[in-house]
2 protein chains.
Amino acid sequence: MKGEAEKLVVLKDTFVSQWGIMGTQWGINRTMAQIHALLMTSPEAMSTDEVMEELSISRGNAHTNLKELVNWGLLRIVTRKGERREYFEAELDVWEIFRRIVRERKKREIDPALDLLEGCLAESQGMKSAGGRAFNEQMKSLEEFVRFVSKMSDRVAGMPHGKAMQLAMKLFG
Amino acid sequence: MKGEAEKLVVLKDTFVSQWGIMGTQWGINRTMAQIHALLMTSPEAMSTDEVMEELSISRGNAHTNLKELVNWGLLRIVTRKGERREYFEAELDVWEIFRRIVRERKKREIDPALDLLEGCLAESQGMKSAGGRAFNEQMKSLEEFVRFVSKMSDRVAGMPHGKAMQLAMKLFG
DNA sequence: CCAAACTTTCGATAAATACTGAAACATATG
DNA sequence: CATATGTTTCAGTATTTATCGAAAGTTTGG
């Protein structure tokens with residue numbers, strides 16, 4: 001029978017690789033999701049080389065995705081005294097993780113849509129033909145709604161954990 | 001100077017092609033997003049052939065993506081009396097569109113993550129080593145939070161428009 | 001200011017995903 | 001039940017995206 005240590009290794013590997021596959025459904029790449037999973041479950045901060053080694057990936061790939069995760073705010077760079085090397089550690093607080101993902105996805109998914117809709121709305125303003133008016137109306141409802149979702153995202157991502165949970169409980173008991 | 005009709009055609013084309021590009025950021029494919037945009041701004045329901053023609057795409061591609069949009073609930077199939085051919089028309093109500101997207105994304109993005117986390121949580125339950133306990137704790141917070149998000153999605157996607165807006169206003173004035 | 005330690009970039013390659021076009025399949029109607 | 005009309009599938013191809021690995025760039029300490 002397997003000992004706990006072996007079982008844990010297998011379990012972590014499963015988690016990392018599956019989280020990676022999930023990432024691809026999410027529109028982020030496999031490696032990025034795997035690194036995130038790896039560091040969320042690592043007791044220690046890890047260096048680029050350790051990540052490369054652990055996931056059997058190239059330096060370039062590890063580097064690109066570590067930096068991207070830092071951009072998302074899901075990893076922090078830390079250093080150890082007397083060492084030049086940079087280590088990466090994951091944000092572990094789930095509410096923080098959530099806020100950062102919301103913020104990033106809003107930036108990539110909502111804001112550009114809003115820009116497009118605003119443009120189309122403005123360009124079709126004042127059209128007289130039936131087709132023109134219908135288009136303008138549809139743009140208007142889409143624009144209003146997306147603007148609203150955008151605002152909601154900001155509010156939610158701006159809340160501290162306690163506040164958000166309190167609110168959620170009040171709403172949904 | 002261009003007439004309104006010409007300007008509208010250009011504007012619609014821009015909208016359709018840009019919405020398509022946006023789709024790729026969203027993890028849905030370009031054609032699917034373009035068809036959706038096309039039908040949201042079409043005064044009439046369109047047949048597969050008309051969609052093929054308008055977007056210059058193959059029958060197979062048009063077919064696959066029309067069906068996928070129907071699965072998402074973003075298009076409806078309609079028929080005209082005395083005709084065998086199927087036509088597709090878009091759901092135009094923004095709140096309906098939103099609900100359906102939330103539902104679909106929850107299914108693809110949240111549910112599988114929850115399954116994975118539940119599995120890892122169960123497997124690491126009762127581990128005694130420091131590493132095992134740490135892993136179990138992290139899985140627990142992730143699982144709880146994702147479960148919570150899942151529930152919230154269901155609630156929001158289940159609300160009628162009026163209710164949701166009322167709620168939103170109360171929250172965010 | 002040189003060498004060592006470490007990080008970043010980038011062209012080439014591999015892998016994944018989307019799309020085509022033609023053929024197979026289904027169904028309504030004379 | 002044959003034909004015309006409409007739908008679906010699928011193997012091959014194209015496009016896009018991710019990854020590799022080597023070379024170039026940076027920084028620090030001696």
Side-chain angles (χ1 to χ4, degrees), chain A residues 16-39 45-72 75-89 104 108-109, chain B residues 16-39 45-72 75-89 108-109 112:
Chain A
V16 168
S17 89
Q18 288 298 111
W19 198 256
I21 290 165
M22 235 145 254
T24 65
Q25 313 292 112
W26 277 60
I28 69 169
N29 79 51
R30 176 167 30 257
T31 304
M32 184 169 154
Q34 283 181 346
I35 294 177
H36 185 223
L38 180 63
L39 281 161
M46 292 174 79
S47 66
T48 302
D49 290 77
E50 286 163 350
V51 170
M52 287 167 61
E53 165 70 15
E54 188 71 33
L55 300 176
S56 311
I57 57 174
S58 72
R59 180 171 303 284
N61 194 14
H63 178 259
T64 306
N65 287 294
L66 282 164
K67 282 295 142 92
E68 189 63 4
L69 282 161
V70 170
N71 284 343
W72 279 56
L75 299 184
R76 269 184 299 274
I77 298 174
V78 296
T79 48
R80 295 175 185 169
K81 61 184 173 187
E83 262 194 286
R84 277 180 64 189
R85 193 187 291 245
E86 295 184 338
Y87 289 82
F88 299 87
E89 78 179 10
E104 204 59 36
R108 308 159 123 230
E109 300 182 0
Chain B
V16 169
S17 89
Q18 288 297 112
W19 198 257
I21 291 165
M22 234 146 255
T24 64
Q25 313 292 113
W26 275 63
I28 70 170
N29 78 51
R30 176 167 31 255
T31 304
M32 182 169 156
Q34 283 181 345
I35 295 177
H36 185 224
L38 180 64
L39 281 162
M46 293 175 79
S47 66
T48 303
D49 292 76
E50 287 164 350
V51 169
M52 286 166 62
E53 165 70 15
E54 188 71 34
L55 300 177
S56 311
I57 57 176
S58 73
R59 179 169 304 284
N61 194 12
H63 178 260
T64 306
N65 287 295
L66 283 165
K67 282 296 143 91
E68 188 64 4
L69 282 161
V70 171
N71 283 344
W72 279 57
L75 299 183
R76 268 185 300 274
I77 298 174
V78 297
T79 49
R80 294 174 186 170
K81 60 184 172 187
E83 262 195 286
R84 277 181 63 191
R85 193 187 292 244
E86 296 184 337
Y87 290 82
F88 298 87
E89 78 180 11
R108 308 159 120 229
E109 300 183 359

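Just so it is clear: chains get the letters A, B, ... in the order the sequence lines come, proteins before strands, and each one is counted from 1.
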Kindly indicate, with the supporting measurements, whether the criterion side chain to side chain contact (heavy atoms under 4.5 Å, CB included) is fulfilled by Arg30(B) and Gln34(B). CA-CA 6 Å; Arg30(B) 176 167 31 255; Gln34(B) 283 181 345; 3.7 Å; yes
Length of the CD-C1' vector between Glu68(A) and dT19(D), whole Å: 15 Å
Write down the distance between CD1 (Ile21(A)) and P (dA15(C)), rounded to a whole number of angstrom. 16 Å
Please examine the side chains of Lys67(A) and Leu75(A), heavy atoms only from C-beta on, and report whether any two atoms are closer than 4.5 Å. no
Residues Phe88(B), Leu39(B); criterion side chain to side chain contact (heavy atoms under 4.5 Å, CB included); working and verdict: CA-CA 8 Å; Phe88(B) 298 87; Leu39(B) 281 162; 4.0 Å; yes
Side-chain N or O of Thr31(B) less than 4.0 angstrom from OP1 or OP2 on dA18(C)? no
Those residues that, when tested against Glu89(B), pass side chain to side chain contact (heavy atoms under 4.5 Å, CB included) (two or more places apart): Ala45(B), Arg76(B), Val78(B)
Glu68(B)/Asn71(B) under side chain to side chain contact (heavy atoms under 4.5 Å, CB included): CA gap, chis, key distance, verdict: CA-CA 5 Å; Glu68(B) 188 64 4; Asn71(B) 283 344; 3.7 Å; yes
For the pair made of CZ in Arg80(A) and P in dC6(C), what is the distance, rounded to whole Å? 12 Å
Rounded distance in Å - CD1 (Ile57(A)) to C1' (dA14(C)): 16 Å
At what distance, to the nearest 0.5 angstrom, does OG of Ser58(B) lie from NE2 of His63(B)? 11.5 Å
The helix from dC1(C)-dG30(D) to dG30(C)-dC1(D): angle between terminal helix axes, five bp per end, to the nearest 10 degrees, reads 10°
To the nearest 0.5 Å, atom CD1 of Ile28(A) lies from atom NE2 of His36(A) at 8.0 Å
Could you run down nucleotides 1-11 of chain D 5' to 3' and tag each one B, S or - for protein heavy-atom contact under 4.0 Å? ----BSSBB--
Any chance you could measure Asn65(A), atom CG, to Asn29(A), atom CG, to the nearest 0.5 Å? 4.5 Å
Applying the side-chain contact (heavy atoms from CB on, under 4.5 Å) criterion to Leu66(B), which one of Asn61(B), Thr48(B), Ile77(B) satisfies it? Thr48(B)
Once you round it to whole Å, what is the distance between P of dA18(D) and CG of Leu55(A)? 17 Å
Length of the line joining Asn65(A):CG and dA18(D):C1', which is rounded to integer Å: 9 Å
Arg30(A) CZ - dA15(C) C1' separation (whole Å): 9 Å
With a 4.0 Å cut-off on heavy atoms, is Ser47(A) in touch with a base, just the backbone sugar-phosphate, or nothing at all? nothing
Could you state the CG-C1' distance from Asn29(B) to dA14(D), rounded to the nearest angstrom? 15 Å
